[in-house]
Amino acid sequence: MKVIIIGAGEVGYHIAKALSPKNDVIIIENAEEASKRADELDVLVIEGNGANAEILSDILQGTDLLVAVTGIDEVNIVACMTAKLITRGKPGWKETKTIARVSNPDYIDSPVTSRSQVGVDLMICPELSLASEVAEILSSPSAISAEMFADGKVRMTEFAISPENKLIGKQIKDLRLADCCIVSAIFREHEIIIPHGSDTIKANDHMVVVGKPETMEGLGSTLGSKVPHKNRILLIGCGIVGFYLAKLIDKEENADLKIIEYSKSRCIEVAEMLENALILNGDGTDISLLREEGIENMDVVISVTDSDEKNLLCSLLGKQLGAKKVIARADRSDYLPLFEMVGIDLAVSPREATVNEVLKLTMGRGIQTLTTFEGEKAEIIEYTASENSKIVGKPLNKVKFPRGALVNMVVRGKDTIVPRGDFVIENQDRVVIFSMASAMSEIEKFFR
């Protein structure tokens, strides 16, 4: 597959890194430093404006996908529109699929949407996607990651097992999960385990559970701790990500939200749009302010300013002063493991949503949803089976599935099923699979 990536910042670089081993990748980038970094990959780098029609005309022929991920919404949209106009106007040229990254809420009101009428097949807002992910996590006190599959019929939640949890030392089978739930994986230090019933739960394990959303709601008190009061949340930073997140939290009846924002004018602007939140003008690194607002009683402190370094400092202060859980935004991918290494409960990055959407389009047919774990060492993928899929029509115990992969759930119409060995997948079933990265290419073959 031939792919053009416009913008070699954090998002563009990681898309190129993921795609370059198996695809023909071209990067267009204006900045010299970002171009040099991209040159380290096995890609062709062109210095210039990615929305320039002359540059695009020279390289577009035969291109399957154009991804515009610069930091300027308008450049991304214009680049996609230009690519569509060029390929549609050339006899014999295939029409290029286009993806644009945008941040301005005037352009988009959901994490991923289509704007094909203006030449953008997929418009992605990483900031809104990040806010939606964090809001999903907040619904369970012990959750550190969450994702929905099959149009909300299946939920994945990653739980952190605290050292005082009563389940430590027990076996997976002792959990006695409902029939529509399954422990998909355990992350233990640097090890990824696809568990069996006899595997023992240990302190600090990260346990990934997949199941029906209504059944998953009760797991928080089993795998973590139940909060007997409203979820007390302190949000530091109310820029694009912070405001998206604040709007989602503000609608929740079981949330008590305080916001600290440095800009006075932004505080006034946000206060007019949020009904229930308390907005404070101040600095999230001000220890006196944090203590005054009762940070030691907070269930969650979330720092989502535009500075990774400030988010790290605010989160460390929150943890040191007694907050139960701290979540920090980290735009730089190399900061993610560092944040968690120094005690941040969860570091989240806006780039993941864009990278995952691009991977869905390039990995193969039938992929509906994809989420990655542990620095892309493992994935949960939702496929839609077709009548030609090799996995259709035979019991799962007769399918030579690769080691390191497990079918977690199947959605058939209105039914959500944890499949056993004698289960037979049918045409149009939605199949949710956990897989190590090493098994991905083998899994793809079953759904071609």
Side-chain angles (χ1 to χ4, degrees), residues 1-87 96 98-104 107 120 123-127 130 239-241 305-312 329-339 347 349-359 362 375-376:
M1 181 178 279
K2 181 179 177 182
V3 182
I4 295 174
I5 300 170
I6 298 172
E10 278 297 304
V11 175
Y13 177 83
H14 280 274
I15 292 172
K17 185 178 180 181
L19 297 184
S20 57
K22 294 183 179 179
N23 300 278
D24 178 14
V25 177
I26 300 172
I27 292 178
I28 306 175
E29 170 58 55
N30 251 333
E32 184 179 351
E33 188 174 338
S35 297
K36 286 181 179 178
R37 185 189 184 200
D39 263 329
E40 299 170 2
L41 303 173
D42 184 19
V43 300
L44 171 63
V45 180
I46 298 172
E47 287 196 37
N49 182 351
N52 185 310
E54 289 185 13
I55 293 175
L56 290 175
S57 294
D58 290 339
I59 60 174
L60 263 174
Q61 187 171 9
T63 298
D64 299 280
L65 178 65
L66 181 139
V67 185
V69 287
T70 74
I72 304 172
D73 292 355
E74 290 72 22
V75 169
N76 297 336
I77 294 169
V78 169
C80 291
M81 294 171 66
T82 303
K84 284 288 188 185
L85 289 170
I86 291 171
T87 54
T96 302
T98 56
I99 297 178
R101 170 192 176 181
V102 297
S103 298
N104 192 326
Y107 296 132
V120 184
M123 199 173 275
I124 302 170
C125 180
E127 292 82 3
L130 184 147
I240 295 173
V241 173
T305 74
D306 291 333
S307 165
D308 286 359
E309 292 77 10
K310 186 167 185 176
N311 292 335
L312 176 59
R329 168 186 176 181
D331 287 335
R332 285 185 56 178
S333 58
D334 51 344
Y335 278 7
L336 290 172
L338 171 64
F339 275 36
S349 168
R351 73 173 173 85
E352 292 296 333
T354 311
V355 173
N356 287 345
E357 287 299 323
V358 174
L359 290 179
T362 58
E376 301 174 11

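Each residue takes its place number in the sequence, starting with 1. Computed from a prediction, not measured in an experiment: that's the story for all the values here.
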- Contacts satisfying salt bridge (charged side-chain N to carboxylate O under 4.0 Å, His left out) that involve residues 32-51 (not counting sequence neighbours) are Glu10-Arg37, Glu32-Lys36
- Item | Residue pairs involving residues 53-66 (criterion salt bridge (charged side-chain N to carboxylate O under 4.0 Å, His left out); sequence neighbours excluded) | Asp64-Lys94
- Query: Under the 3.5 angstrom rule, does the side chain of Lys2 hit a backbone N or O of Ile59 as a donor-acceptor pair?
  - Reply: yes
Pairwise distance [atom1]([X]) to [atom2]([Y]) - rounded to 0.5 angstrom:
| X | Y | atom1 | atom2 | result |
| --- | --- | --- | --- | --- |
| Cys125 | Ile240 | SG | CD1 | 7.5 Å |
| Ile5 | Leu44 | CD1 | CG | 11.5 Å |
| Leu56 | Thr87 | CG | OG1 | 10.0 Å |
| Phe339 | Asn311 | CZ | CG | 6.0 Å |
| Leu336 | Asp331 | CG | CG | 9.5 Å |
| Leu41 | His14 | CG | NE2 | 9.5 Å |

For a quick test of reading the model, state the closest non-hydrogen atom pair linking [X] to [Y] and the distance between them.
| X | Y | result |
| --- | --- | --- |
| Ala330 | Tyr335 | CB-CB, 4.2 Å |
| Gly48 | Ile28 | O-CG2, 3.5 Å |
| Ser307 | Lys310 | OG-N, 3.1 Å |
| Gly9 | Glu29 | N-OE1, 4.2 Å |
| Thr98 | Ala83 | CG2-CB, 4.4 Å |
| Ile27 | Ala8 | CG2-CB, 3.8 Å |

Any residue meeting salt bridge (Lys or Arg N to Asp or Glu O under 4.0 Å) with [X], in chain and number order, not counting sequence neighbours:
| X | result |
| --- | --- |
| Asp306 | Arg329 |
| Asp308 | none |
| Lys84 | Glu95, Asp121 |

- Residue pair Val3, Ile26: steps toward the side-chain contact (heavy atoms from CB on, under 4.5 Å) verdict: CA-CA 6 Å; Val3 182; Ile26 300 172; over 6 Å; no
For residues 65-79, please give each side-chain donor-acceptor pair under 3.5 Å, one per line with the distance, not counting sequence neighbours.
{"residue": "Thr70", "atom": "OG1", "partner": "Ile72", "partner atom": "N", "Å": "3.2"}
{"residue": "Thr70", "atom": "OG1", "partner": "Ile72", "partner atom": "O", "Å": "3.2"}
{"residue": "Thr70", "atom": "OG1", "partner": "Asn76", "partner atom": "OD1", "Å": "2.7"}
{"residue": "Asp73", "atom": "OD1", "partner": "Ser103", "partner atom": "N", "Å": "3.0"}
{"residue": "Asp73", "atom": "OD2", "partner": "Ser103", "partner atom": "N", "Å": "3.0"}
{"residue": "Asp73", "atom": "OD2", "partner": "Asn104", "partner atom": "N", "Å": "2.8"}
{"residue": "Glu74", "atom": "OE2", "partner": "Tyr107", "partner atom": "OH", "Å": "2.6"}
{"residue": "Asn76", "atom": "OD1", "partner": "Thr70", "partner atom": "N", "Å": "2.9"}
{"residue": "Asn76", "atom": "ND2", "partner": "Thr70", "partner atom": "O", "Å": "3.0"}
{"residue": "Asn76", "atom": "ND2", "partner": "Ile72", "partner atom": "O", "Å": "3.4"}
{"residue": "Asn76", "atom": "ND2", "partner": "Arg101", "partner atom": "O", "Å": "2.7"}

- Compare all side-chain heavy atoms of Val102 with those of Ile124 and state whether any distance is below 4.5 angstrom. no
- May I ask you to test the Leu60-Thr96 pair for a side-chain heavy-atom distance under 4.5 Å? yes
